[in-house]
Number of protein chains: 2
Amino acid sequence: MSTNLNAMHARLDLGALKTACAACNLREICLPAGLSPQEIDKLDHLVYVRRKIKRGEALYRAGTAFDAIYAVRSGFFKTRVTTQDGRDQVTGFSMAGEILGMDGISHDEYTCDAIALEDSEICTIPYSQLEKLSIEVPSLQRHFHKVMSREIVRENGVMMLLGVMRAEERLAAFLLNLSQRLSARGYSPLEFNLRMTREEIGSYLGMKLETVSRSFSKFQADGLIAVDQKYIRLQDIDGLREIYAHHTR
Amino acid sequence: MSTNLNAMHARLDLGALKTACAACNLREICLPAGLSPQEIDKLDHLVYVRRKIKRGEALYRAGTAFDAIYAVRSGFFKTRVTTQDGRDQVTGFSMAGEILGMDGISHDEYTCDAIALEDSEICTIPYSQLEKLSIEVPSLQRHFHKVMSREIVRENGVMMLLGVMRAEERLAAFLLNLSQRLSARGYSPLEFNLRMTREEIGSYLGMKLETVSRSFSKFQADGLIAVDQKYIRLQDIDGLREIYAHHTR
DNA sequence: TAGCGGTGTTGATGTGGATCAAACGCCGTT
DNA sequence: AACGGCGTTTGATCCACATCAACACCGCTA
């Protein structure tokens, strides 16, 4: 558990189990966004467990008792809901700095599964303590509300995708969204490796993996992107935007 | 403004502009759910504006400044998001006791339109005051979090609808959901009048109005429901459940 | 009482993407 | 180096739903 040779992050914990939002380079996009150094310090006392989740493992599963929300420290997750009969819908992909588990608040149990798509690390934020601290630190309360609200807005956007857009528009929207989020984290907005399979993309976008694959091929043929397995390079981002905006027909 | 001859609710305001959650028959399903009488009393000071919205009018629109959330007192709303090019997606329908406007928190402006589908009445809950009161009344904070979380979960369900279910399954899910919510409000779960058009149902469910109409006719032919324009009677609710559960194929 | 616009139903036809099927590349295993 | 399995690509075919079109109905207003 304390094999903290994970080079990139070793400086952050300095041998302590306790994490340090104050020293985390995600603090501007994660839960502490907008807090003062003093306030972040308080939050640090709350986020006391960092946990590693291996690729393929669940951070939590639908039906298990809710007691914490999670911040993705590193890695990549999908969330999905499943029906009795086993069909499932990917409801989102989460990357560093994003918050997971808010679906659990409503009924004191999680309603979806959160599965790591690569070896990942998360910070545990016990909900009861978050509630308490929100009372002491109004700006934390406000920011947490914003995080939840943002999730609502994001899901509205997905409903739009699924409800009115056609296959290629959805995929263009998906790529542009990924690009933008990677960019906000200091990565290249123009080239990246997908962490999910075609099938997972399809599930998220409400289409079959074959259609995802075909659309990728089409985009490549049209010079919009270069695809090599999971590696994607956006070659004509305006072209993609045009496809995305073009839910005119 | 004070033509409070609106028979059903006149007893509630007794000539005062101030609303009274304490006396509201929706208090068990609305924002005050779970609060003690003393706490509800505090909330009452906050919910000081009740407003009437006529059928077709907007409670708020995307892009306008956010400063309050709203509780539906009576009536019926749809929320929708619209793209530049005018296509829109109905993201939800709201009835008495449900909360609107939480999408506005994230970026200090509303991101969707909330349109009354019949003459309606809403309670305004200024957000800044809700924030303050949440600090004083932890159970209010908790319940508000639950309300937001429930919205996230609801939207997950819609994503499931849109992503993996076929037309008749979606419509069955829609009817069962309406039935359940009406039932929770003391109305008959077996017969009701739709407040929205076929087109609005279709937009919500990601299908065309013709398909909605055809599916209604199919259900009727199969003896599952009786349809007479907006009037719906559920005749075989288990049959509907079977269709809904049957996203096996 | 007629006319009219918004809404709903139903039929005929078209099509985007699903389904079915085959083959290939990549990767870890033996 | 051969093997098997998973993920992906691509082609052929199918079908659920969209689209196009005509008409019916209902509540208005005049």
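Lettering of chains follows the sequences in order, A, B, ..., and the numbering in each one begins at 1. Heavy-atom basis, side chains included; hydrogens, waters and symmetry copies ignored.
Under 4.0 angstrom from either OP1 or OP2 of C:dT10 there lies at least one side-chain N or O belonging to B:Ser217.
The separation between A:Gln229 atom CD and D:dT10 atom P is 11 Å, rounded to whole Å. Nucleotide D:dA24 holds its C1' atom 14 Å from the CG atom of B:Asp228, rounded to whole Å. Rounded to whole angstrom, the span from the CZ atom of B:Arg198 across to the C1' atom of D:dC17 amounts to 18 Å. As a whole-Å value, the separation of B:Glu168 CD from D:dA18 C1' is 16 Å. Per the geometry, OH belonging to B:Tyr231 stands 16 Å off P belonging to D:dG27, to the nearest Å. In this structure, A:Lys218 atom NZ and D:dT9 atom P are separated by 16 Å, rounded to whole Å. Straight-line distance from the CG atom of A:Asn193 to the P atom of D:dT8: 12 Å, rounded to whole Å. Atom pair B:Arg195:CZ and C:dT7:P shows a separation of 16 Å (rounding to whole Å applied).
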Report, one line per pair, each donor and acceptor closer than 3.5 Å where one atom sits in a side chain of residues 177-185 of chain B; sequence neighbours left out.
from: B:Asn177; atom 1: OD1; to: B:Arg181; atom 2: NH1; distance (Å): 2.9
from: B:Ser179; atom 1: OG; to: B:Pro189; atom 2: O; distance (Å): 2.7
from: B:Arg181; atom 1: NE; to: B:Glu98; atom 2: OE2; distance (Å): 3.1
from: B:Arg181; atom 1: NH2; to: B:Phe93; atom 2: O; distance (Å): 2.5
from: B:Arg181; atom 1: NH2; to: B:Glu98; atom 2: OE1; distance (Å): 2.9
from: B:Arg181; atom 1: NH2; to: B:Glu98; atom 2: OE2; distance (Å): 3.4
from: B:Arg185; atom 1: NE; to: B:Ala96; atom 2: O; distance (Å): 2.5
from: B:Arg185; atom 1: NH1; to: B:Arg181; atom 2: O; distance (Å): 2.9
from: B:Arg185; atom 1: NH2; to: B:Ala96; atom 2: O; distance (Å): 3.1
from: B:Arg185; atom 1: NH2; to: B:Glu98; atom 2: OE2; distance (Å): 3.4

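Comparing the start and finish of the helix from C:dT1-D:dA30 to C:dT30-D:dA1, five pairs each, the helix axis swings through 30°, to the nearest 10 degrees.
Using a distance-only test at 3.5 Å, with no hydrogens or angles considered, a donor-acceptor pair links the side chain of B:Arg170 to the main chain of B:Met165.
Within 6.0 Å of atom CD in B:Gln235, more than 12 heavy atoms from other residues, nucleotides or ligands are found, so the atom counts as buried in its surroundings.
Here A:Ser213 lies in heavy-atom contact (under 4.0 Å) with a base. Counting non-hydrogen atoms under 4.0 angstrom, A:Lys230 reaches the backbone sugars and phosphates but no base.
For the contact set between residues 200-211 of chain B and DNA chain D, defined by any heavy atom under 4.0 Å, the members are B:Gly206, B:Met207, B:Lys208, B:Glu210, B:Thr211.
The salt bridge (charged side-chain N to carboxylate O under 4.0 Å, His left out) with A:Glu118 is formed by just one residue from the set A:Arg55, A:Arg195, A:Lys78, A:Lys230; it is A:Arg195.
The side-chain heavy atoms of B:Leu162 and B:Tyr204, taken from C-beta on, include no pair separated by under 4.5 Å. Put simply, the side chain of B:Ser106 does not reach to within 4.5 Å of the side chain of A:Arg154, judged on heavy atoms.
Within the model, atoms CG of A:Leu240 and CZ of A:Phe219 stand 6.0 Å from one another, a figure rounded to the nearest 0.5 Å. Here the CZ-CG distance, from A:Phe192 to A:Leu194, works out to 6.0 Å after rounding to the nearest 0.5 Å.
With hydrogens and angles left out, the side chain of A:Arg214 and the base of C:dT19 share a donor-acceptor pair within 3.5 Å.
Contact between A:Val153 and B:Asp103 at its shortest, heavy atoms only, is CG2-O, 3.4 Å.
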